[in-house]
Amino acid sequence: MERDIIMKNNHRKGWMEGDIFQFLITSLKGISQVILIENALTGVIILIAITSTSFLLGVVSLLSSIIGTFIGKIGGADEAKIKQGLFGYNSVLTGIALTLYMSGPYHWIIALFGAAVTAILTASMMHTMKYLELPVLTTPFIILTWFMLLVTYRLKVINLTKELVPQDLSNWKLNIEGDINWIEGTFSGIGQIFFLDNTLSGIILFIAVFLAGWRLGLFAVVGNAVALLVSYWLGAEHLLIYEGLYGYNAILAMIAVGSVYNDNKQWVQPLLTGILAAILTVPLTASVATWLLPYGLPALTMPFVLSTLIILGARKVLPRL
Amino acid sequence: MERDIIMKNNHRKGWMEGDIFQFLITSLKGISQVILIENALTGVIILIAITSTSFLLGVVSLLSSIIGTFIGKIGGADEAKIKQGLFGYNSVLTGIALTLYMSGPYHWIIALFGAAVTAILTASMMHTMKYLELPVLTTPFIILTWFMLLVTYRLKVINLTKELVPQDLSNWKLNIEGDINWIEGTFSGIGQIFFLDNTLSGIILFIAVFLAGWRLGLFAVVGNAVALLVSYWLGAEHLLIYEGLYGYNAILAMIAVGSVYNDNKQWVQPLLTGILAAILTVPLTASVATWLLPYGLPALTMPFVLSTLIILGARKVLPRL
Amino acid sequence: MERDIIMKNNHRKGWMEGDIFQFLITSLKGISQVILIENALTGVIILIAITSTSFLLGVVSLLSSIIGTFIGKIGGADEAKIKQGLFGYNSVLTGIALTLYMSGPYHWIIALFGAAVTAILTASMMHTMKYLELPVLTTPFIILTWFMLLVTYRLKVINLTKELVPQDLSNWKLNIEGDINWIEGTFSGIGQIFFLDNTLSGIILFIAVFLAGWRLGLFAVVGNAVALLVSYWLGAEHLLIYEGLYGYNAILAMIAVGSVYNDNKQWVQPLLTGILAAILTVPLTASVATWLLPYGLPALTMPFVLSTLIILGARKVLPRL
């Protein structure tokens with residue numbers, strides 16, 4: 001009898017360890033889901049890329065994913081969705097964005113609070129989008145981050161970094177001068193998905209994507225190339241192009257439309273509609289940035305969300321798209 | 001035979017009187033529904049609080065509720081919904097808001113016209129939100145009032161009071177100086193739901209809520225307290241805090257999330273999620289105000305609507321929330 | 001045997017010719033659908049009105065409708081919807097608007113690209129609105145045109161004409177001086193639907209509507225008259241009134257609410273709700289214009305869309321509306 005109890009205890013302890021391990025795997029998937037991939041190893045490599053740029057950002061990313069996943073769990077969400085990391089990725093992005101855009105000694109606490117609220121908002125939007133049979137993508141992160149940045153103007157304890165400057169559209173002058181560093185442009189786009197703008201992080205992130213599947217990696221490379229060429233050809237600001245600010249939305253849209261949300265696993269149609277989605281992100285990046293100018297807010301991944309939702313929605317009516 | 005006819009006439013007359021009485025009861029419920037309560041007596045006491053501040057506002061409130069309910073009736077809406085006062089409360093708020101924010105001799109006519117259109121917009125949004133299984137709350141009032149205030153810039157006969165000043169976000173300076181009158185703050189929050197900012201009205205309104213149920217009253221008190229503390233702690237403008245401008249949304253959100261739209265009639269979970277909703281209204285008030293700054297529009301009850309819809313929506317995916 | 005093959009070939013050729021003819025008819029219906037009418041002859045007359053004002057605009061209109069319809073076809077949309085011209089009208093409007101608002105030698109290429117993307121956006125919105133049982137109206141055209149106009153601030157190759165000037169709301173002064181040319185006002189309203197502001201085009205367009213049905217024509221005339229009187233009475237800018245900028249939305253709303261989306265084919269109810277919809281477009285035109293002032297964007301047909309969707313949505317809850 002005693003033995004039985006011990007065995008049971010061991011068994012239970014074993015389960016608990018398994019639970020914690022499973023929970024960590026899920027949180028790492030939460031990080032990889034930022035680039036629409038469900039793969040814990042990809043998550044680890046992304047975490048390395050982030051941490052190599054900033055230790056604080058790395059910690060905040062992992063904690064944000066844990067918080068988001070935890071809220072999904074205690075809230076009683078569908079276990080399958082939690083395990084895919086779907087309650088983590090929006091929180092990860094909010095955590096990173098608020099840590100970077102806010103200043104002051106407690107900015108990371110606000111960032112983690114934001115990550116928690118993002119998980120609730122994600123649940124809310126999942127409910128809304130369920131009826132349209134469309135994914136929420138990174139909408140909860142975008143909405144929450146915009147709102148939190150606007151908050152800073154009204155509450156003393158929360159402060160913006162100097163980077164965000166509201167501007168009058170009537171005073172705006174476009175300046176596309178300056179050389180483009182094409183090599184930097186090649187690797188900064190994927191980095192900007194996680195707000196990283198160094199070449200090394202970009203290379204590590206490409207590895208992370210290729211590791212999840214060489215087809216995905218190829219789509220990421222093509223999406224970035226399309227954005228670089230189209231934005232250059234249309235005369236976008238050179239500084240923004242080589243910093244990757246025209247690339248990151250294109251990469252995400254290309255992966256989403258061409259691969260992740262595409263049942264067609266051949267080459268021609270996925271590549272073509274993926275490239276169309278990538279192209280659309282370029283004017284969308286330009287217009288969202290103009291729209292937000294009076295508030296000084298960053299476009300974040302809104303161009304990716306708009307481009308992807310337009311095409312995924314259209315596909316329900318135009319099945320060959 | 002003659003007797004029969006007389007009796008029938010009496011009977012019919014009796015019915016008609018009953019109809020008018022029923023209609024008035026419904027209109028009073030329309031007033032109480034502003035604070036999510038279906039109770040004619042609560043409506044009467046609210047009407048007293050409004051009329052004691054301004055006779056005109058009292059008349060406009062009652063007429064607006066009557067107009068909204070009347071449109072529901074002649075439009076052929078579901079009788080059960082009409083009787084709950086659901087076609088009245090948005091019209092009441094629009095009537096009050098337009099009377100206060102507009103000037104000129106005929107501003108109350110425009111206010112009543114606005115109340116009528118609000119009822120139509122309410123029906124339209126009921127249709128839209130039905131699919132999401134979420135309530136419309138005060139969204140029709142907010143949208144219509146914002147649009148009507150923007151109208152004033154383009155049509156000569158409609159004029160704004162001086163209070164609304166569009167401002168450039170880049171010139172905005174936060175000033176939180178000044179003492180807080182905590183007693184005023186305690187009673188002005190609930191008054192601001194009806195655009196009243198005197199202590200007496202606030203006390204009468206608390207009585208109106210407690211009369212509908214002491215649990216509801218308690219939620220209102222807690223919601224207000226949470227908003228006062230959180231907004232003070234986060235460094236909001238002191239003037240706005242004690243005028244109740246951070247409190248009214250929190251009270252509504254606390255009542256909605258904690259009690260009215262909560263099947264759990266115990267204490268712990270309703271109080272906790274209610275408090276969460278109340279806390280969220282504080283940053284939402286700050287960000288909505290910043291967002292509207294270039295247009296000089298008031299936030300109205302938008303922070304309450306956003307906080308409540310986020311949590312009610314999330315609850316469909318996170319059932320334990 | 002040989003004869004059979006020849007006959008078959010002829011037969012096939014005949015079919016192909018028939019296909020091209022059918023496709024052209026559909027494209028002409030795409031033009032007439034701008035005023036909610038499915039009638040190829042009406043489309044031809046509209047095309048004459050446009051071409052008589054500007055040859056380029058005429059060509060762009062027809063090409064845009066062809067492009068939109070073609071995308072519906074290769075995308076595999078529901079054949080019945082394509083044949084009604086429902087994939088054409090939004091593209092037609094985008095084509096015209098971008099040709100007019102943009103400058104530079106290749107502006108018409110951008111306009112046609114915009115027309116193509118509009119067809120995709122139309123499909124996407126059809127999917128979204130299907131759940132609400134509401135029509136998309138001209139929403140895809142409006143959204144796409146606004147976004148493309150905002151794009152011009154950020155991409156060198158795309159330029160705005162000088163007409164669009166972002167303005168600060170705080171510096172805005174309303175000036176309603178100037179006489180109204182009532183005859184011009186009578187015919188410019190319907191012209192403005194297609195961005196035409198000369199009297200002749202207006203007369204031809206009225207003919208096009210009456211040709212599709214004298215009841216439709218009457219609704220168009222009444223809608224325009226309502227807008228002229230209400231906007232004058234409310235003190236709108238006289239210049240805008242007689243240029244037809246308060247009229248075109250009212251005409252469209254009157255036709256949509258009173259006739260096209262109204263099962264009641266008698267007179268009283270359709271006329272009354274149609275007039276209500278037409279009246280609502282006047283304050284909506286004023287408020288949408290104010291809302292867009294900081295961006296210098298035109299209101300386009302947004303007032304028509306808002307007025308019509310509010311009433312069609314409300315009708316689901318208020319069946320007698």
Side-chain angles (χ1 to χ4, degrees), chain A residues 128-134 166-177 230-238 240-241 245-246 273 276-277 279-280 282-295 299 302-303 306-321, chain C residues 68 70-78 81-82 86-87 104 106 110 113-114 116-132 136 140 143-160 164-171 292-297:
Chain A
T128 306
M129 298 300 274
K130 192 183 65 194
Y131 292 84
L132 300 176
E133 298 163 57
L134 292 172
Q167 272 176 286
D168 232 327
L169 190 53
S170 46
N171 298 329
W172 170 258
K173 286 270 171 294
L174 181 63
N175 179 359
I176 68 165
E177 299 296 299
V230 173
S231 60
Y232 180 73
W233 177 66
L234 290 175
E237 289 156 275
H238 292 174
L240 301 186
I241 295 175
L245 291 171
Y246 272 98
T273 50
L276 174 64
I279 291 174
L280 283 183
V282 174
L284 280 167
T285 298
S287 54
V288 169
T290 310
W291 176 44
L292 294 170
L293 198 70
Y295 298 101
M302 194 44 125
L306 292 176
S307 168
T308 304
L309 289 185
I310 287 170
I311 294 194
L312 295 186
R315 210 178 259 164
K316 311 263 177 185
V317 172
L318 304 171
R320 286 192 219 122
L321 191 71
Chain C
F70 185 70
I71 285 178
K73 266 208 178 313
I74 57 162
D78 175 28
K81 273 184 189 161
I82 298 175
L86 295 181
F87 282 91
Y106 304 118
I110 293 165
F113 171 76
V117 178
T118 301
I120 295 172
L121 186 56
T122 302
S124 202
M125 290 198 172
M126 278 177 177
H127 168 68
T128 306
M129 298 301 275
K130 192 182 66 192
Y131 292 85
L132 300 176
V136 297
I143 301 295
L144 196 116
T145 302
W146 282 348
F147 268 71
M148 281 300 281
L149 296 181
L150 291 177
V151 160
T152 57
Y153 290 91
R154 292 277 181 168
L155 299 177
K156 203 77 183 179
V157 296
I158 310 177
N159 294 297
L160 274 187
L164 302 173
V165 185
Q167 274 178 285
D168 232 327
L169 190 54
S170 47
N171 298 329
L292 295 170
L293 199 70
Y295 297 102
L297 295 173

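The chains referred to below are lettered A, B, ... by the order of the sequence lines, with proteins before strands, and numbering in each begins at 1. Heavy-atom basis, side chains included; hydrogens, waters and symmetry copies ignored.
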Most contact-rich option vs chain A, by heavy-atom pairs under 4.5 angstrom, among C:Ile74, C:Ile71, C:Val117, is C:Ile74

Counting heavy-atom pairs under 4.5 Å with chain C, which one of A:Pro319, A:Pro294, A:Ser231 comes out on top? A:Pro319

When every non-hydrogen atom of C:Leu155 is compared with those of A:Ala286, the smallest separation belongs to CG-CB, 4.0 Å

At a 4.5 Å cut-off on heavy atoms, which part of C:Val165 comes close to chain A: side chain, backbone, both, or neither? neither

Quick one: does any side-chain atom of A:Tyr131 pair with a main-chain N or O of C:Tyr131 as donor and acceptor, under 3.5 Å? no

Bottom line for A:Ile176: the part with an atom under 4.5 Å from chain C's heavy atoms is side chain

Greatest number of non-hydrogen atom pairs under 4.5 angstrom with chain C, of A:Val282, A:Leu134, A:Leu169, falls to A:Leu169

Side-chain touch C:Arg154/A:Leu293, heavy atoms, less than 4.5 angstrom: yes

Straight-line distance of A:Leu309 CG to C:Leu121 CG, nearest 0.5 Å: 11.5 Å

d(C:Ile120 CD1, A:Leu280 CG) to nearest 0.5 Å is 6.5 Å

Atom CG of C:Leu297 and atom OG1 of A:Thr290: how far apart are they, to the nearest 0.5 Å? 9.5 Å

Whatever's closer than 4.5 Å to a heavy atom in chain C on A:Tyr246 counts as side chain

What part of C:Lys81 lies closer than 4.5 angstrom to a heavy atom of chain A: side chain, backbone, both or neither? neither

Non-hydrogen atoms of A:Trp291 and C:Tyr295 that approach each other most closely: O-OH, 2.7 Å

Nearest-0.5 Å distance, CG of residue A:Leu318 to NZ of residue C:Lys73: 12.5 Å

Looking at every non-hydrogen atom in both residues, tell me the closest pair between C:Ser124 and A:Gly313 and how far apart they are. OG-CA, 3.5 Å

Evaluate whether atom CH2 of C:Trp146 has more than 12 neighbouring non-hydrogen atoms of other residues, nucleotides or ligands under 6.0 angstrom away. yes

Quick one: CG on A:Leu234 to CD1 on C:Ile110, what's the gap to the nearest 0.5 Å? 7.5 Å

Count the heavy atoms belonging to other residues, nucleotides or ligands that lie under 6.0 Å from CH2 of A:Trp172, then report whether that count exceeds 12. yes

A:Leu306 and C:Phe147: which non-hydrogen atoms are nearest, and at how many Å? CD1-CE2, 3.9 Å

Measuring from atom OG1 of C:Thr152 to atom CG of A:Leu174, what distance do you get when rounded to the nearest 0.5 angstrom? 9.5 Å

